[in-house]
Each structure stands twice: as C-alpha cells, then as structure tokens.
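All remarks here apply to the structure that follows.
Here is the naming used below: chain letters follow the sequence lines, and residue numbers restart at 1 for every chain. It should be emphasised that the depicted structure is a prediction, and the values quoted were computed from it without experimental measurement.
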There are 2 protein chains.
Amino acid sequence: MTVTIKDIAETANVSIATVSRVLADKEGFYSEKTATKVRQTAEKLGYRKNTAAVELVTQRSQVIGVIVSATKTNFANDIIAGIQDEAFKHNLSVIILYAGESDVDQQHRALQTVIERSVMGILILAIRPADADIAMLRAANIPHVFLSTSFDSQQLPFIGSDDFRIGYQATDFLIKKGHKKIGIAAIDRHSYIGTQRILGFQRAMADHDLPTKPEWIQDGKFTYDDGVEAMTTYGAQTELDAVIGTSDLAAIGVMNQAVAFGLSVPDDLAIMSIDGTQMVKIVRPQITSVTQSFYKMGNRGMKMMLQRDMDKFESQYTPFRIDERDST
Amino acid sequence: MTVTIKDIAETANVSIATVSRVLADKEGFYSEKTATKVRQTAEKLGYRKNTAAVELVTQRSQVIGVIVSATKTNFANDIIAGIQDEAFKHNLSVIILYAGESDVDQQHRALQTVIERSVMGILILAIRPADADIAMLRAANIPHVFLSTSFDSQQLPFIGSDDFRIGYQATDFLIKKGHKKIGIAAIDRHSYIGTQRILGFQRAMADHDLPTKPEWIQDGKFTYDDGVEAMTTYGAQTELDAVIGTSDLAAIGVMNQAVAFGLSVPDDLAIMSIDGTQMVKIVRPQITSVTQSFYKMGNRGMKMMLQRDMDKFESQYTPFRIDERDST
DNA sequence: CTGAAAGCGCTTACAG
DNA sequence: CTGAAAGCGCTTACAG
C-alpha cells in the first residue's frame with residue numbers, strides 16, 4: 001500500500017542503500033545519474049518518507065516539544081512564533097502540548113508524551129512543574145529550557161525577564177510621574193515571578209521613601225477577572241493614585257473597573273501593565289506597559305536548544321522596556 | 001544507555017514479548033504475577049517507551065497534526081482548546097504547525113511534515129491550501145478536516161459556520177434595530193467566507209428593501225488595521241449608521257477610529273463584530289457580536305477524526321448566536 | 001560510487 | 001499464560 005524505499009529500489013534497479021543516500025542528500029555518495037533516476041522514481045511512485053523509521057534508526061527526532069500553560073495563551077503566541085520561526089529554519093517540527101498551569105496531572109502527561117517521543121528538546125512556557133516531574137525531565141536526559149519564568153536556583157535553565165527589575169522600574173516610572181500611592185494588582189505571591197515583582201516594587205517605593213500598605217498588593221493569577229476584583233477591592237474611593245496590573249489583561253480589568261467606578265484614567269488613577277502585547281493598544285486609553293520580549297524568548301530558547309549540550313545552557317534575561325501610552 | 005524492553009526482559013527473566021504485552025496492558029495475555037514483576041523492573045530501570053518504534057511497527061501514530069494560520073491566533077486558540085481537550089481524552093498527541101495564511105511555501109512544508117509523520121489525522125484551521133497541496137493531502141490518504149472554513153464544493157470536509165447566514169443575521173439584527181445604512185468592514189472578497197458574508201449582507205438589505213452602495217463594503221483581511229482603514233475611508237462624516245466588523249479585531253479597529261473621529265458608539269454609529277472572542281468584552285463599549293462556536297469546531301473536528309473513515313466525514317456547520325452588548 | 005547486511009525498539013501472529 | 005521469530009522502514013559502517 002504505502003510505498004517504501006524498497007519499492008523505489010526495485011523499480012529503479014538500485015539498492016535500498018543508494019535510495020536512502022540519494023533521498024537524504026548524502027552528497028558524494030552517489031552519481032548524479034542514479035540520483036536523478038531515484039528521485040524521479042520516488043516522485044512517480046508518490047513516495048513519502050516514514051519519519052518513525054528514520055527516528056528509530058537515527059535515534060533522534062527532529063521534533064521540539066513545547067509545553068504551554070493553557071491559560072497564558074495571550075503572550076504565549078508570541079513566544080511560540082519565536083520558536084516556530086527558528087524551528088522552521090532548521091527544518092524542525094514543533095509539538096505543542098497545552099497543560100493547565102496548576103494541573104499537575106496534565107503537566108505530567110504532557111512531559112511524559114514528549115519524553116517518550118524522544119524529542120530533541122523541550123521548551124516549557126510559563127509553567128513550574130512539580131519536583132517529581134522535574135526529576136523525570138532530568139532523568140530523561142533531553143535538553144530543556146524554561147521560558148518566561150525564572151527560578152532562584154541556577155539548576156534549571158531559563159530564559160525570561162528579570163522580574164525584580166520589572167517590578168522596580170514600573171514602580172519607579174510611576175513615582176517619577178509624581179505618583180506616591182501605588183497598587184499592584186492580580187499578582188501571584190506563590191510564584192517566583194510574583195515575589196520578585198513585589199520585591200522590586202517594594203524596593204522602588206523604599207528607595208523613594210514612600211510608605212506602602214499591605215492591601216495595596218492584591219493577589220491573583222494575572223487574569224482579567226483578577227484585575228477587576230483587585231480594583232473592586234481598592235474601591236471607588238481608593239487612596240491609590242496608580243495601579244500596576246501584572247499582566248495586560250489584569251491591567252485592562254483594573255481599568256474597566258476603575259472607569260465603572262467613575263474614575264478617570266489617567267487623571268484620577270494611572271494604570272500600567274506588564275507584558276505589552278497587542279491588547280494594550282486596542283483599548284482606550286491605550287495602556288502604558290512594561291513590554292517584554294516574548295518573541296525573543298522563544299527564539300533564543302530554540303537557539304539554545306540547538307546547541308544540544310545542556311551543560312552549556314546559561315539562564316538569561318531578555319530585555320524589556322517601558323512603552324508610555326495614554327494611561328499614565 | 002537508554003533502557004529498552006530487552007533490558008527489562010533480561011533482569012525480570014521473561015521474554016520481550018511478555019514485557020511488551022504487560023506494558024501495553026494487553027489484558028488476558030499475562031498473569032498478574034509476571035505483570036507486577038515486569039512493571040516494577042520497568043520502573044526501577046527507568047524505562048521509557050520508544051514511540052518511534054511503536055509507530056513503526058504498528059503502522060500508525062497517535063498524533064493529530066494541526067495546521068494553523070499564523071495570523072488567526074486570536075480565535076484559533078479556542079479551536080485548539082477544543083481539539084486538545086478531546087485529544088487528551090483519547091491519549092493522542094497534537095502537533096501544531098503554524099503557516100502563513102497565504103504563504104504557500106510554509107503551508108506545503110507543514111503539510112509535508114505531518115504527512116511524513118504519518119499522523120492519524122490532519123486538522124487545517126482557517127487555511128485554504130493550494131490545489132496541488134490539496135491533491136497531495138488526498139493522495140496521502142490521511143483523514144483530514146478543514147476547520148473554520150467552508151467551501152462550495154462538497155469534496156472537502158469542513159466544520160465551520162454558515163457565513164451566508166452570519167452575514168444575513170448580523171445585518172438583519174442591525175436593521176431591526178432601526179439602522180438603514182450599514183457598512184461591512186475588513187472583508188476578504190477573495191475568500192469563500194468573505195463572499196458568503198457579503199451575499200448574506202446583501203440579501204438581508206434587499207429583503208428589507210434597503211439600497212446599498214459598493215463603497216459600504218470595505219476590503220481587508222479581517223485585521224485590526226483593516227478595521228481602522230475601513231473606518232478612515234468611511235470618514236468622520238459617513239452616512240453610515242452602523243458597521244459590521246468582520247472579526248473582533250476589525251470591529252475594534254472600526255470603533256477606535258470612529259471614536260477618534262469624534263463619533264459616539266452606538267449613538268452615532270452602531271458597531272457589530274463577527275467572532276465573539278474575549279476581545280469584545282474587554283473593550284468599552286463592549287461590542288455586540290455574532291459569536292461563533294470555535295471550541296466546538298475543534299472538538300467536533302477531533303471527534304470526526306476519530307471515526308477515521310473519511311468517506312463518512314460530513315461537512316457541517318456549527319451554531320452561532322448574536323450576543324447583544326453595548327455597541328448597538 | 002554501490003550493495004549486502006546488521007540493527008534501531010517494538011508488536012504480534014503462531015506455536016506451545 | 002509465555003516465548004521464538006519475523007518484520008515494520010529506514011540508516012550506515014563495512015567491503016568492494
């Protein structure tokens with residue numbers, strides 16, 4: 001039914017070894033004459049390479065596995081684009097698996113799938129797996145990099161933003177605009193990213209001798225609803241004069257609720273977001289953002305993967321910048 | 001280096017056949033006693049199944065290939081979620097490949113990749129491949145379904161919305177709200193979807209004896225910028241009293257430009273969008289939308305795939321509804 | 001430049 | 001319930 005190199009070999013009157021060489025472009029191992037004959041026969045017969053066989057015999061696949069937090073699809077798309085473009089250049093396929101950010105089961109299965117598939121590399125976006133899964137990942141001996149996260153430990157290679165500096169600079173930016181009472185909304189204290197941003201925020205406030213109150217920091221998981229909720233908690237009469245939303249959607253949630261309260265942005269309340277995806281440009285007023293280099297994270301992640309040697313992987317921060325728009 | 005079933009067989013003192021059966025849960029083919037021994041040994045040795053070998057010998061993969069238009073990431077995420085959830089239930093992996101909507105080269109390579117990988121099914125989102133590629137797809141004899149598109153021909157199985165009815169009902173909705181001069185923005189006349197929506201629009205206008213002008217229909221590719229451009233062309237003094245944006249982003253583009261012109265939405269100009277993703281809820285005013293069932297498209301697409309027999313594939317429309325919000 | 005042969009890791013009739 | 005053996009489609013030393 002399906003045509004194999006054996007079929008080609010027979011009709012072209014050569015050995016399967018030769019067919020294999022020609023089709024894999026092992027230059028120098030065949031004459032142009034046979035090559036042409038083989039290629040034409042392959043074409044005529046409608047031959048398709050069997051990837052499973054190739055991967056079995058070569059012991060490595062041309063596949064990159066990407067595990068994505070299902071709830072982070074907003075910026076994940078940019079990271080994936082960065083991965084995809086680089087993968088495309090090197091003729092690599094990309095398997096994408098979605099897993100809930102806190103669904104350990106799904107994460108485990110996703111990881112297991114890519115490992116059993118012997119992918120050549122694993123990229124993990126915005127997820128911090130359970131310790132058992134991290135152990136499994138290491139045991140598998142497959143190069144892997146964490147994207148859009150960072151860790152305190154140097155053990156796990158990551159490419160992300162320096163979240164302490166993000167927190168610091170966002171706050172500093174607002175302070176320099178004259179704000180003194182600044183909230184930070186929808187932040188996950190249980191994540192390393194969250195704690196780093198809070199530390200940065202607090203340091204910036206302290207550096208300017210500004211006091212803070214615990215309730216200015218509102219917990220959440222970076223979602224739109226968390227943003228709305230944070231603003232609801234701050235209330236219409238809030239003493240705050242600025243709020244940092246810890247994601248674009250969170251910031252938009254804050255803004256919509258603020259406006260619903262009758263507050264004017266930025267006059268009554270300045271709003272800033274962290275991420276800087278397309279979102280912040282399509283709302284009105286457009287939101288000033290700390291813009292992260294998501295595309296670059298994906299791109300660099302792939303390039304790191306290509307080195308193959310995990311020992312050489314070095315965690316790194318991608319640059320970010322502040323884009324001032326109309327909400328501050 | 002990597003441990004295989006042979007290693008397990010040796011240390012557990014059974015044949016590889018038995019190991020294979022136990023690990024594949026071929027019940028009835030082994031005693032619980034051996035099973036336990038085998039499983040423990042596998043665990044102890046840190047065994048990982050080699051998917052390439054399995055796929056080679058079983059002649060079929062547990063992978064679904066999804067080819068996505070890179071520019072449609074907005075609603076594609078919902079479709080993918082629908083695919084992913086169903087795939088997860090059946091223990092299938094999903095390979096996602098992005099390809100430019102009009103980048104024939106990328107499309108060809110993406111298709112080739114999934115075919116060579118002998119995936120068990122191919123789902124194509126919002127892309128209409130070149131004829132040559134469609135021929136290749138068919139020759140590959142792999143079940144495939146087109147999602148979020150429709151065709152005039154019955155040859156290609158698709159799951160999408162009835163775009164004629166979408167165009168008709170959106171227009172009809174606005175007319176019943178009292179609007180008489182309605183524009184349709186950022187629509188691609190060269191796509192089947194585009195022409196269908198336009199036909200629906202025209203039919204609805206005709207059914208209500210309302211005249212239309214050609215310039216009320218503004219070309220585009222469903223993007224935000226196309227929406228802005230369409231509104232710019234209509235102008236601040238436009239005679240239109242309502243505009244249908246042919247995607248959420250396009251509608252937001254229209255709205256932002258209208259507001260920039262000093263028009264009030266919905267009083268001076270009513271705006272409606274087609275898609276109904278999260279986008280329309282985070283902008284102010286929230287936009288009334290024709291809401292498509294993207295998740296369901298993905299889900300049904302996967303279920304269709306699972307039947308495996310392409311002859312039974314029947315193109316179908318997923319439901320849509322109108323969600324009234326504040327822009328009309 | 002070309003071919004015969006071994007082997008990648010697994011599954012599955014077939015025989016017991 | 002278990003094992004020996006064939007075979008999936010390909011690559012790659014090795015020998016010529």
For DNA chain C, the residues among residues 44-59 of chain A that have a non-hydrogen atom under 4.0 Å from it = A:Leu56, A:Val57, A:Gln59

query = Taking atom P of C:dA4 as reference, at what distance in whole Å does atom CD of A:Glu10 sit?
reply = 12 Å

inquiry  = Over all strands shown, is B:Lys6 touching base, sugar-phosphate only, or nothing at heavy-atom distances under 4.0 angstrom?
reply    = nothing

inquiry  = Has A:Thr318 got a side-chain atom pairing as donor or acceptor with A:Gly160's backbone, closer than 3.5 angstrom?
reply    = yes

Touch class at under 4.0 angstrom, heavy-atom based, for B:Ser20 against every strand present = base

task = For atom CZ of A:Phe29, decide whether the heavy atoms of other residues, nucleotides or ligands shown that lie under 6.0 angstrom number more than 12.
result = no

request  = Specify the separation, in whole Å, of atom NZ of B:Lys26 and atom C1' of C:dT11.
outcome  = 8 Å

query = How far does the C1' atom of C:dG16 sit from the matching atom of C:dT12, given to the nearest Å?
reply = 16 Å

task = In whole angstrom, give the distance that lies between atom CD1 of A:Ile16 and atom C1' of D:dT12.
result = 11 Å

request  = Compare the minimum distances between each of C:dG3, C:dT2, C:dC10 and the side chain of A:Tyr30, then state the nucleotide with the smallest one.
outcome  = C:dT2

Minimum heavy-atom distance between A:Thr41 and A:Ala12, given as atom pair plus value = OG1-CB, 3.6 Å

task = Assess the pair B:Phe158 and B:Phe313: is the distance between their ring centroids shorter than 6.0 Å?
result = no

query = In dot-bracket, 5' to 3', how would DNA chain D read with Watson-Crick or G-U wobble pairs under 3.5 Å, [ ] for crossing ones and | for pairs to another strand?
reply = |||.||||||||.|||

message = Looking at B:Asp105, I want to see if its CG is surrounded by more than 12 non-hydrogen atoms of other residues, nucleotides or ligands under 6.0 Å.
response = no

ask   = On DNA chain C, nearest-nucleotide positions of A:Arg21 versus B:Thr4: which is more 5'?
value = A:Arg21

Side chain of B:Ala17 (C-beta onward), nearest among C:dT11, D:dA4, D:dT12 = D:dA4

ask   = Atom CD of A:Gln62 to atom C1' of D:dC10: distance rounded to whole Å?
value = 14 Å

inquiry  = Does C:dC1 have its OP1 or OP2 closer than 4.0 Å to a side-chain nitrogen or oxygen of A:Thr18?
reply    = no

query = Salt-bridged, A:Glu116 to A:Arg109, with N to O below 4.0 Å?
reply = no

request  = Could you state the atom-to-atom distance from CD1 of B:Ile8 to C1' of C:dT11 in whole Å?
outcome  = 15 Å

key: Gap separating the CG atom of B:Asn91 from the OG atom of B:Ser93, nearest 0.5 angstrom   = 8.0 Å

ask   = Among the nucleotides D:dG9, C:dC1, D:dA4, which one has an atom lying closest to any side-chain atom of A:Ser31?
value = C:dC1

request  = Give the rounded distance in Å between these two atoms: CD1 of B:Ile5 and P of D:dT2.
outcome  = 15 Å

query = Quick check: does any side chain N or O of B:Ser20 sit under 3.5 Å from a backbone N or O of B:Ile16, one acting as donor and the other as acceptor?
reply = no

query = When the ring planes of A:Phe146 and A:Phe151 are compared, do they come out parallel, tilted or perpendicular, using 30° and 60° as the limits?
reply = perpendicular

request  = Test side-chain hydrogen bond (donor to acceptor under 3.5 Å, both in side chains) on B:Tyr295 and B:Asp85 and set out the steps.
outcome  = CA-CA 10 Å; B:Tyr295 182 92; B:Asp85 286 356; 2.6 Å; yes

inquiry  = Does A:Phe29 reach a base, just sugar-phosphate, or nothing at all? Heavy atoms under 4.0 Å.
reply    = base

